[in-house]
Amino acid sequence: MSFLFGSRSSKTFKPKKNIPEGTHQYDLMKHAAATLGSGNLRTAVLLPEGEDLNEWVAVNTVDFFNQINMLYGTITEFCTEESCPIMSAGPKYEYHWADGHTVKKPIKCSAPKYIDYLMTWVQDQLDDETLFPSKIGEFGGFFRSLESWSFCF
């Protein structure tokens, strides 16, 4: 589990992208955090008036990844290579990993290894400035199609 335990350049278990305080993205992140606790999910995800959809989705995507990363970190001791030798969803469904680039043919792997591959892949997407630019107003058309897909994992 390199993304959690540091064998991948020690990039683990910390917020993916630090959003500098005082930036517009930081303000969006604070708005998202404030509305998320409101109890109304519809309100929490509603695009704030006057905000760019791409910026809003990007901030929430990074936050979602950070939350999943922390959540998974709390259960790693319960799902080990030995106790979870297969990534599955019950006895009928088994997941095999392929990313289309490094691993082209799906491979069978343990649940921890699968999650490591997945989180590393997502982290690489978030680090890619062509997909998730750090400067406001630099999102391409590809970003929206990627975002609608990424919320499904």
Side-chain angles (χ1 to χ4, degrees), residues 1-19 25 28-48 51-134 139-153:
M1 308 210 352
S2 59
F3 83 95
L4 283 176
F5 300 114
S7 65
R8 191 176 187 277
S9 305
S10 299
K11 286 184 167 184
T12 66
F13 209 48
K14 56 188 173 189
K16 177 65 220 84
K17 282 189 175 180
N18 292 329
I19 299 174
Q25 291 165 324
L28 285 174
M29 184 186 70
K30 285 297 186 189
H31 177 81
T35 57
L36 201 54
S38 70
N40 184 337
L41 190 56
R42 192 174 294 259
T43 302
V45 298
L46 190 64
L47 176 67
E51 296 299 340
D52 179 73
L53 177 62
N54 291 324
E55 293 291 333
W56 181 243
V57 172
V59 164
N60 281 281
T61 300
V62 170
D63 186 54
F64 181 69
F65 174 76
N66 290 336
Q67 296 297 323
I68 293 296
N69 195 0
M70 287 190 293
L71 177 64
Y72 185 68
T74 65
I75 64 167
T76 57
E77 67 185 90
F78 303 106
C79 185
T80 65
E81 298 278 335
E82 295 77 32
S83 65
C84 302
I86 298 169
M87 180 64 175
S88 66
K92 292 185 179 184
Y93 300 97
E94 187 173 302
Y95 295 92
H96 294 188
W97 177 258
D99 62 12
H101 297 286
T102 308
V103 181
K104 294 186 187 222
K105 183 179 177 188
I107 58 171
K108 187 175 186 173
C109 53
S110 68
K113 191 66 177 167
Y114 185 94
I115 296 298
D116 182 44
Y117 285 139
L118 176 64
M119 296 300 276
T120 299
W121 181 85
V122 172
Q123 188 172 355
D124 289 344
Q125 305 314 298
L126 295 176
D127 286 344
D128 185 342
E129 283 285 324
T130 65
L131 299 177
F132 285 85
S134 55
F139 291 97
F142 177 71
F143 180 78
R144 241 184 233 156
S145 64
L146 176 67
E147 287 309 310
S148 63
W149 177 85
S150 71
F151 277 110
C152 298
F153 86 84

- Message: Restricting to non-hydrogen atoms, name the atom on N60 and the atom on W56 that form the minimum distance, rounded to 0.1 Å.
- Response: ND2-O, 2.8 Å

- Note on the structure: CZ of F64 to CG of L126, rounded to nearest 0.5 Å, is 11.5 Å

- Task: Please report the shortest heavy-atom distance between L53 and L47, naming the atom on each side.
- Result: CA-CD1, 3.9 Å

- Message: With side-chain contact (heavy atoms from CB on, under 4.5 Å) as the test, pick out the partner of L118 among T120, V122, D116.
- Response: V122

- Message: For the OH atom of Y117 and the OG1 atom of T102, what is their distance to the nearest 0.5 Å?
- Response: 9.5 Å

- Message: Using every non-hydrogen atom in the two residues, find where I115 and M87 come nearest and quote the distance to one decimal.
- Response: CD1-CE, 3.8 Å

- Item | By side-chain hydrogen bond (donor to acceptor under 3.5 Å, both in side chains) - contacts of Q67 (at least two apart) | none

- Query: Of all heavy-atom pairs between S110 and E81, which one has the smallest distance, and what is that distance?
  - Reply: OG-OE1, 2.9 Å

- Report the C-alpha separation of T61 and F65 in whole Å, then their side-chain angles, then the decisive distance to 0.1 Å, and conclude whether the side-chain contact (heavy atoms from CB on, under 4.5 Å) test is met. CA-CA 6 Å; T61 300; F65 174 76; 5.7 Å; no

- Query: Could you give the distance from CD (Q125) to OG1 (T130), rounded to the nearest 0.5 Å?
  - Reply: 8.5 Å

- Item | Straight-line distance of N66 CG to L71 CG, nearest 0.5 Å | 12.5 Å

- Message: Minimum heavy-atom separation for C79 and A111, please, with both atom names.
- Response: SG-CB, 3.8 Å

- Note on the structure: All heavy atoms of A98 vs all of K105, minimum pair found to be CB-C, 4.2 Å

- Message: To the closest 0.5 Å, what do you measure between OG1 (T76) and OH (Y72)?
- Response: 6.5 Å

- Geometric class of the Y95/Y114 ring pair [parallel <30°, tilted 30-60°, perpendicular >60°]: tilted

